[in-house]
Undergrad: 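Once you've had a glance at the structure underneath, I'll fire off some questions.
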There are 2 protein chains.
Amino acid sequence: MTSIKDVANHAKVSIATVSRALNGASNVTEATRKRILAAAKELNYHPNAMARSLVEKKSRIFGYIISGLKKGAKHCIVQDTLVGIYEYASSIGYEILMFAVDSNLQRSKSYVDFANEHALAGVIIQGLRTDDQYYREMIDGRIPCVLIDLPADSSRIGSVSIDNAAAAKEATLHLLAHGHRNIAFMTGVDEASVSTERSLGYLAALQQFGLAIKPEYLLHGNFSEDDAYTAVKDFLPASPEVSAVFCASDLMALGVLRAAKELNIKVPQELAVIGFDDILLAAYADPPLTTVHQDFTDLGFEAARMLYNIIKGQDVPHTRTVPHTFIVRKSG
Amino acid sequence: MTSIKDVANHAKVSIATVSRALNGASNVTEATRKRILAAAKELNYHPNAMARSLVEKKSRIFGYIISGLKKGAKHCIVQDTLVGIYEYASSIGYEILMFAVDSNLQRSKSYVDFANEHALAGVIIQGLRTDDQYYREMIDGRIPCVLIDLPADSSRIGSVSIDNAAAAKEATLHLLAHGHRNIAFMTGVDEASVSTERSLGYLAALQQFGLAIKPEYLLHGNFSEDDAYTAVKDFLPASPEVSAVFCASDLMALGVLRAAKELNIKVPQELAVIGFDDILLAAYADPPLTTVHQDFTDLGFEAARMLYNIIKGQDVPHTRTVPHTFIVRKSG
DNA sequence: TTGTACGCGTTATCAT
DNA sequence: ATGATAACGCGTACAA
């Protein structure tokens, strides 16, 4: 590999001048800069990323830390988010280094160690639960973090998500506007903040209509298709007055759809079902799912952009709400 | 950050001894090794990846180079593959650095530069066309490569894929066994080797049945749902004798399904449709797609495993065929 | 404006 | 078995 030394020799200058010229320092004659740039191009010189990171004590790499990267996922959330992160990162010459937590792999190190070892410029964290074992250590550390779908509880770190509460309220209001009065809510895992937000939106809508909250209408699906299926399989026959189920994720809505089919309950005639996320399968479900669309690519892009701003010390808001869309299809 | 120096001071030895102890060199007293390990653990020491890579002239990072990472993909191929790569990589303490080509981003550098800058231990390449501008430079370079779905044309590089020809033949034979004699084939982009392989399998099956090859039955869908839709929209009405279409990808099969629905052609009664890949949507299509299942997570895992073997100089085959499954659903 | 020289944290070579 | 020290390629403080 050609190093800065080669360029220096070729351009008849010292390595210091090469470094200055290539990094846009002002104190370099235009003539020598030209010569150096030409030499660099001719030799196809590219700075060694490790050497640079070593001396700068910081790499030009973003870590993308995700929980729940596992085989056979029914949605492309990681991929879609990655597209957005990648797009922004590549626009500023940064790379993406992956880290998956809890993919039941035995890892010898935590993502905190991971981030430190590589002197990551910053990390984007997604899918983590606030009770994760390394969460606090990471966001209290010296490496800038942006969280996707987790609230930022410190001014030092960033957070991007859609307005989950508003979106959930919107969905519930849609059901209410269509005459439904006994609406069940299928929540995800309690430790995910989006679960809380979405249930808050659901409750707010009921309240707006002056409806009483029935605790027995709160179902637990753990963001899992199977768990949701199991939950409603017992619940629906026992609660015939329930005419709609709003699910905190499409996957759970799919589980509800399957249960309804087996119970011979027609959707949407006898039971309206609304999901959340608008995963790819939502539009292809039978019937197609009415749901809240969130654009994970936008989320990823905004997360990366915010991370870079934080790194550069820009004084920008550390919380960003990305627009969502309520999509009415056939299921409710 | 705690460095090797801190550990050395804490354990009252030189940094050289620490390095030896931590890297499992034999010439270290068991007593001092214990002391060093204890110190390392107490100080939560983790070697600086950049410093190590710099001196070793090779990082412990795999590059994952993909073409076609773009927003709104209808399949999770990248994500699924990543899961497999990640699983193997993390089992050997390696990380994954991403690189997307041609996502119409202006990148200042090629993936060859990318790989060199980071002194990648090796790269896994997916979705690239053999006529890609940097392809030869990359695989002729000094960095080990494993290709997914591209044939290896050199003994230095690896290649993993399913047996595309056999799978395509299997699918075509299925149609033939069900009495179809006028079977159209929707191919992908010609520069993708899987297109060639799959059309070869199609042709082999016809030949086995002593059927003539009709060039007009060869449709071009460019692996695109819309292109496939357009292609059959004209073709099907003009060729009523065609009773089956075998598509080189599920996405194209989805396009055919859409066209058939608009043309009021019943699938599978009047037209059998078979896809390829078994993307998530395949099972949810209407009717569910009969298709060839390929496990991208396996593909990724095997690619990473092979890459590591090549790096370690293991004398193993550089071509690996991962099993596929023919899945009969309702469409054909 | 340009060059010299040091340091980043590690591995490896050579003494001891 | 252990320690001192040279490299790895780069940025930068300081000297010229």
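Numbers restart at 1 for each chain; the letters A, B, ... are given by sequence-line order, proteins then strands. As a basis for the values below, the full set of heavy atoms in this structure was taken, side chains included, without hydrogen atoms, waters or symmetry mates.
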Undergrad: What does B/Asn48 touch in the nucleic acid at a heavy-atom separation under 4.0 angstrom: a base, only the sugar-phosphate, or nothing?
TA: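 Touches sugar-phosphate only.
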Undergrad: For D/dG3, take OP1 and OP2 only and decide whether either is under 4.0 Å from a side-chain N or O of B/Ser14.
TA: yes
Undergrad: With no hydrogens and no angle check, do the side chains of B/Tyr111 and B/Asn116 hold a donor and an acceptor under 3.5 Å apart?
TA: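 Per modelled atom types, B/Tyr111 and B/Asn116 side chains form no pair under 3.5 Å.
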Undergrad: Phosphate oxygens OP1/OP2 of C/dT1: is one of them under 4.0 Å from a side-chain N or O of A/Thr32?
TA: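 A/Thr32 to C/dT1 OP1/OP2: no side-chain N or O under 4.0 Å.
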Undergrad: Taking A/Asp298 first and then A/Arg305, would you say they form a salt bridge - that is, a charged N and a carboxylate O separated by under 4.0 Å?
TA: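 Between A/Arg305 and A/Asp298 there is no salt bridge, as every charged N stays at least 4.0 Å from the carboxylate O atoms.
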Undergrad: Looking at A/Ser19, does any N or O in its side chain come under 4.0 Å of the phosphate oxygens OP1/OP2 on D/dG11?
TA: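 Checking A/Ser19 against D/dG11: at least one side-chain N or O falls below 4.0 Å of OP1 or OP2.
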Undergrad: I would like to know whether B/Ile125 and B/Leu128 meet side-chain contact (heavy atoms from CB on, under 4.5 Å); could you show each step before the answer?
TA: CA-CA 7 Å; B/Ile125 299 178; B/Leu128 224 57; 3.6 Å; yes
Undergrad: Take A/Glu56 and B/Leu54, find for each the nucleotide of DNA chain D with the closest heavy atom, and name the residue whose nucleotide sits nearer the 5' end.
TA: B/Leu54
Undergrad: Describe the nucleic acid contact of A/Ser53 in one word from base, sugar-phosphate, nothing, applying a heavy-atom distance below 4.0 Å.
TA: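 Contact class for A/Ser53: none.
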Undergrad: Between C1' on D/dT12 and CG on A/Leu22, what's the gap in Å once rounded to a whole number?
TA: 15 Å
Undergrad: Can you check the A/Met50 CE to C/dC8 P distance for me, whole Å?
TA: 19 Å
Undergrad: Specify the separation, in whole Å, of atom CG of A/Asn9 and atom P of C/dT4.
TA: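 These atoms are roughly 11 Å apart.
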Undergrad: Do the charged groups of A/Asp153 and A/Arg136 touch, with an N to O distance under 4.0 Å?
TA: yes
Undergrad: Quick one: is D/dG3 close enough that its OP1 or OP2 comes under 4.0 Å of any side-chain N or O from B/Thr17?
TA: yes
Undergrad: Closest nucleotide of DNA chain D for B/Ala16 versus for A/Ala49: which of these residues is on the 5' side?
TA: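 Whichever sits nearer the 5' end wins; that is B/Ala16.
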Undergrad: Round to the nearest Å and state the distance from A/Asn23 atom CG to D/dG9 atom P.
TA: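 Computing the A/Asn23:CG to D/dG9:P distance gives 17 Å.
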Undergrad: Once you round it to whole Å, what is the distance between P of D/dG11 and OH of A/Tyr45?
TA: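 Checked: the OH to P distance equals 6 Å.
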Undergrad: With respect to the side chain of A/Val55, which nucleotide from C/dC14, C/dA5, C/dC8 is positioned closest?
TA: C/dC8
Undergrad: In whole angstrom, give the distance that lies between atom CD1 of B/Ile15 and atom C1' of D/dG3.
TA: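 So the two atoms are 10 Å apart, to the nearest Å.
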Undergrad: To the nearest Å, how far apart are A/Lys12 NZ and C/dG3 C1'?
TA: 16 Å
Undergrad: Any Lys/Arg nitrogen of A/Arg60 or A/Glu95 sitting under 4.0 Å from an Asp/Glu carboxylate oxygen of the other?
TA: no
Undergrad: Can you tell me the distance, in whole Å, between the CD atom of B/Glu117 and the C1' atom of D/dC8?
TA: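 B/Glu117 atom CD is separated from D/dC8 atom C1' by 17 Å.
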Undergrad: Taking 4.0 Å as the cut-off, does a side-chain nitrogen or oxygen of A/Lys57 come that near to OP1 or OP2 on C/dG9?
TA: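 Checking C/dG9 against A/Lys57, a side-chain N or O does come within under 4.0 Å of OP1 or OP2.
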Undergrad: Just call it for B/Val28: base, sugar-phosphate, or nothing, with non-hydrogen atoms closer than 4.0 Å on any strand.
TA: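 Since only primed, P, OP1 and OP2 atoms lie under 4.0 Å of B/Val28, the category is sugar-phosphate.
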